[in-house]
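Okay, so here's the structure we're looking at.
The chains referred to below are lettered A, B, ... by the order of the sequence lines, with proteins before strands, and numbering in each begins at 1. Here the structure is a predicted model, which is why all the values come from computation and not from measurement.
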Amino acid sequence: MAFGTGCHLHLIDGSAFIFRAYHALPPLTRKSDGLPVGAVAGFCNMVFRYIEEARNGDAPTHAAVVFDYSSKTFRSDLYPQYKANRPPPPEDLRPQFPLTREATRAFNLACKEMDGFEADDIIATLARQAREAGGRVTIISSDKDLMQLVGGGVEMLDAMKNLRIGPEEVEAKFGVPPERVIDVQALAGDSVDNVPGAPGIGIKTAAQLIQEYGDVETLLARASEIRQPKRRETLLAYADQVRISKKLVTLDDHAPLDFTLDDLEVKDPDPRELMDFLHRMEFRTLTRRVAEKYGLAEPKAAPAAVSPTAAPATTADPAPAPAAPEVPFAPETYVCIRDGATLTDWLDRARATGWLAVDTETTSLDEMQADLVGVSLATAAGQAAYLPLGHVKGGDDLFGASEPAEGQMPMAEALALLKPVLEDPAILKIGQNMKYDWKIFARHGIRTAPIDDTMLMSYAMFAGLHGHGMDALSEEYLAHKPIPIKELIGAGKAQVTFDKVAIDKATAYSGEDADITFRLWQTFRPMLPRAHVTTVYETLERPLVPVLAEMEMAGVKVDTAVLARMSNVFAQRMAGLEDEIQTLAGQPFNVGSPKQLGEILFDGMGVPGGEKGKTGAYGTGADVLEDITTYEDTHPQAAKLAARVLDWRQLSKLKSTYTDALQTHVNPETGRVHTSYSIAGANTGRLASTDPNLQNIPVRSDEGRKIREAFVAPEGRRIVSLDYSQIELRILAHVADIPALKQAFLEGQDIHAMTASEMFGVPIEGMDPMIRRQAKAINFGVIYGISAFGLARNLRIPRKEAQDFIDRYFQRFPGIRSYMDETVAAAKRDGFVSTLFGRRIHTPGINDKGPKSGNARRAAINAPIQGAAADIIRRAMIRMPEAIRDLDARMLLQVHDELIFEVAEADVDRLIPVARDIMQGAADPVVHLSVPLIAEAGSGHSWAEAH
DNA sequence: AACTTCACG
DNA sequence: GACGTACGTGAAGTTC
């Protein structure tokens, strides 16, 4: 059909689809050979959805997907800097470009690109031709550069948000009708495309000027009439630059196309060709959906051959993992191991392949108290077995004891067979959260090595994107939902321990865990090098497993008598305060209830300024109460009440979270407290401590600090603590390359005083402590992605003043601002930021609009700094055991920038220099910091003395 | 289970 | 031009 009146042309901005797909999806790879295909998958999904949806209502008669050919166009000849600050496409995206063209053709859509022209020029040319022929045009894109084409039968469609963009929407965005958009763009410029425009003129001002003068040429001709001196000067000075900018933003609607509109007639896809392509890409879900749509059978086996066009661009990567034929999950096929011969058979399979996925089942999540119930093994996808060892029969007898279930190997016999394999240096043991299993085996005298951990692989690749628990990983990367543990042990009060679970059910569940772990490992292994995080995984994550396991098993001695005494004192003082508080309130109420307290203060006593949160309750946080304590003159009763509540809250916190709770965490067998560190808990690379959290033991208040007196060394031993001094500021000085900061650290100066001196021009000698305090707050603020609001609140000063401080700071240290800008730009471009050591922290939401993007922005600024500090102490911890091997000393705790040891009295003076050297040199040799790292040491009978 | 508060670096 | 903001955690208690 010839294109004419009544025809409707769809023009799809293919390149935008690709980048959107690439950034929206995790880096998927083709299973059989590891070829990156995430963007292709997303692209296909978007095209498929487009065909399904966009064509329903207002079906096109003609359509084309248009791509950019290369980054070199006639515009780069006009202005060499045009789009020059665009980074090259990521390594793993480049091989996907030709595949998206292939995909377009597989969907039987016209696929158009042209050397020397941008996709936008082709779209402009086709849109003009269609308009002139009397047809309608819909441009599937949200690119503002295309908005100049809107009008006269041409409109845009933002496929993501399903928004139509007509002349009104364009005018809402640019403040001028579509035909004047190029004039506004020419004035405002575009930092993304590096269109210069006129400095200091943004869209708002540009729109104003164009409304007044009509277009750029008239405006420039009459520039001398402009009243505002600044605008006038700018326009006079930058007239040529604005003229070039206009040429850059004006789309060429006369590109010499080698095809006509008639060639773009819509055709249905050939289902066979489409299926063949999707199948070759190994997109299972999409293949299935297409098969359903066209009523075709799904191809069964994975394709043996790979199409020549789809070959990876590089051959430098290691050999791909063994091709994984699609094996369905079949829990009923898992083997239950009940005798030595069967166990030996499974272990021989591991000896043959060199790998073994393992998972333990126990009676508790606390590895120090958990009893081993069973071990599952997997040697290939779908090949899994379960070895029950500690299952018991259903009912308890009169004494609450229970008999072992039948058909289980004796524990000792089974472990004797397992031990040589688990310790065999030629057999890789694969686990999900291996630290748990490592500790269980260690308590049976087995040192599991070497290991791989799928949770840590996921963390190295996807930190910030999603969690790393097995269930989530299985659903995400294996498209398989595992059997929920609740189905076996129940939940809540009715929950039972795993030893009570019937062996056949345990076999299905536990075998599946090992099976999933193995398949995840197969999936992740080729992905690590492609994400460039193999070194991170191998040097910062995996080696930490045995180190942390040993620390956790060692535990720290806690003097419960000291804690109990403190609890009693706190209880008495709290009772007294409670009486006083209720008298002041004139009624009894629960002092621990923020809701009741808020109502009494703000409704009952009439304190002004109560602010309700989203739940409708008044906020009564410490900062609010502190404000109220200053209302002595207007609300003396409330001021006093607030002060008492603050005291009560402090005691309540110390008692419930620390002095009471810590006592319950003392292990009855070891008499010590064993925390658990999560390696993949914090997005930045920091560890997190749980059950109990020993990383937030009080220290800032005198009262709280006393709790550290309960963390003690046994007779004849000492606690030694070493902590990095200002490690994050040192990292900032290095990465942002700030000469003054680096110099100060090299000379061992007081960094906050130096900052104050630089900012305010006051001498360091005899400095007002107030000024130093403010500089310190700014130094910390910088690390957190400073804002005037945050600094103002922290320092309790007007926002304007805080803004002045920040301006002054950036003026004095301009490198900090450029570092921040570069970090945010990297996050927007790549979707992640990296530390000095290559750790990746993803930054979802950084490209969002709205208030949330501020959070993402600050997180992106903070992550490389906090993350590098975390990397450094990880490196120190990994080297520490070997370094202190000959000393009677062991590492017990880590608190982000501090390491705590227990050491024989006689070895204290030998430990400190050794540990200090390891910590101070921990960045070397991978990164040579241009500032020294300093670790300060202390020792004593308790943590309070050592810190 | 969600929310609030508060302990740490 | 308005919006909501310091970064990263975990635990306990109250409320729904």
Side-chain angles (χ1 to χ4, degrees), chain A residues 202-204 463-464 492 589-598 612-625 645-646 648-658 660-662 664-665 675-678 681-701 703-705 707-708 723-729 732 777-795 799 802 806 833 841 843 849-867 869-870 873 893-898 947:
Chain A
I203 290 202
K204 297 272 175 223
F589 73 103
N590 184 350
V591 182
S593 161
K595 185 166 173 277
Q596 294 176 31
L597 175 66
K612 292 188 176 183
K614 53 188 159 191
T615 56
Y618 289 113
T620 67
D623 49 344
V624 176
L625 296 187
V645 171
L646 282 169
W648 183 90
R649 282 220 184 129
Q650 192 198 4
L651 296 175
S652 165
K653 180 78 176 183
L654 294 178
K655 181 169 185 292
S656 67
T657 311
Y658 300 103
D660 286 355
L662 273 175
T664 71
H665 279 288
T675 184
S676 179
Y677 289 102
S678 48
N683 286 337
T684 53
R686 273 197 181 176
L687 302 178
S689 161
T690 61
D691 308 302
N693 180 356
L694 296 186
Q695 289 181 324
N696 70 344
I697 303 301
V699 70
R700 291 175 189 171
S701 73
E703 198 108 53
R705 195 157 46 237
I707 291 169
R708 295 192 173 210
D723 68 300
Y724 284 111
S725 158
Q726 309 284 10
I727 186 166
E728 293 191 350
L729 274 178
L732 177 70
I778 293 175
N779 275 333
F780 278 106
V782 165
I783 294 172
Y784 298 150
I786 198 156
S787 76
F789 181 92
L791 184 66
R793 204 175 58 169
N794 188 289
L795 284 175
R799 193 146 137 196
I806 294 170
V833 292
I841 299 121
T843 55
K849 291 281 153 68
K852 269 203 300 185
S853 71
N855 300 337
R857 184 183 164 276
R858 289 189 295 273
I861 290 171
N862 174 259
I865 300 169
Q866 187 181 120
I873 198 164
L893 302 173
Q894 188 250 45
V895 192
H896 309 309
D897 64 358
E898 176 185 13
H947 185 77

Need one value for [X]: base, sugar-phosphate or nothing, where a base atom within 4.0 Å counts as base even if backbone is also close, heavy atoms only.
{"X": "A:Asp897", "result": "sugar-phosphate"}
{"X": "A:Arg857", "result": "nothing"}
{"X": "A:Ala622", "result": "sugar-phosphate"}
{"X": "A:Ile783", "result": "nothing"}
{"X": "A:Ala792", "result": "nothing"}
{"X": "A:Arg649", "result": "sugar-phosphate"}
{"X": "A:Gly704", "result": "nothing"}
{"X": "A:Gly785", "result": "nothing"}
{"X": "A:Ile865", "result": "nothing"}

To the nearest angstrom, how far is [X] atom [atom1] from [N] atom [atom2]?
{"X": "A:Glu703", "N": "B:dA7", "atom1": "CD", "atom2": "C1'", "answer": "14 Å"}
{"X": "A:Arg799", "N": "C:dG4", "atom1": "CZ", "atom2": "P", "answer": "12 Å"}
{"X": "A:Ile861", "N": "C:dT5", "atom1": "CD1", "atom2": "P", "answer": "17 Å"}
{"X": "A:Asn855", "N": "C:dC7", "atom1": "CG", "atom2": "C1'", "answer": "11 Å"}
{"X": "A:Glu728", "N": "B:dC8", "atom1": "CD", "atom2": "P", "answer": "17 Å"}

Derivation and outcome, side-chain contact (heavy atoms from CB on, under 4.5 Å), residues A:Leu687 and A:Gln695: CA-CA 9 Å; A:Leu687 302 178; A:Gln695 289 181 324; 4.3 Å; yes

query: Expressed as a whole number of Å, how far does the P atom of C:dT5 sit from that of B:dT4?
result: 12 Å

field: Spacing of the C1' atoms in B:dC8 and C:dG4 (rounded, Å)
entry: 26 Å

- prompt: Taking A:Ser689 as the fixed residue, which of A:Leu893, A:Thr675, A:Asn696 is the one that meets the side-chain contact (heavy atoms from CB on, under 4.5 Å) rule?
  reply: A:Thr675

- request: May I have the step-by-step check of side-chain contact (heavy atoms from CB on, under 4.5 Å) for A:Asn779 and A:Gln726, ending in yes or no?
  value: CA-CA 10 Å; A:Asn779 275 333; A:Gln726 309 284 10; over 6 Å; no

query: Less than 3.5 Å between a donor and an acceptor, one on the side chain of A:Arg858 and one on the base of C:dG4, is that the case here?
result: no

message: Using OP1 and OP2 only, check whether a side-chain N or O of A:Arg793 sits under 4.0 Å from C:dT5.
response: no

query: With both distances under 3.5 Å as the test, what is the Watson-Crick or G-U wobble partner of C:dA2?
result: none

side-chain contact (heavy atoms from CB on, under 4.5 Å) between A:Val895 and A:His947, worked out: CA-CA 12 Å; A:Val895 192; A:His947 185 77; over 6 Å; no

task: Any chance you could measure A:Leu694, atom CG, to A:Gln894, atom CD, to the nearest 0.5 Å?
output: 11.5 Å

statement: Considering only heavy side-chain atoms of A:Arg708, the closest of C:dG8, C:dT5, B:dC8 is B:dC8

query: With respect to the side chain of A:Thr615, which nucleotide from B:dT4, B:dG9, C:dA6 is positioned closest?
result: B:dT4

Closest heavy-atom pair and its distance - A:Ile841, A:Asn683: CG1-O, 3.4 Å

message: Can you build the contact string for nucleotides 9-16 of chain C? Use B for base contact, S for sugar-phosphate-only contact, and - for no protein heavy atom under 4.0 Å.
response: SBBSSSSS

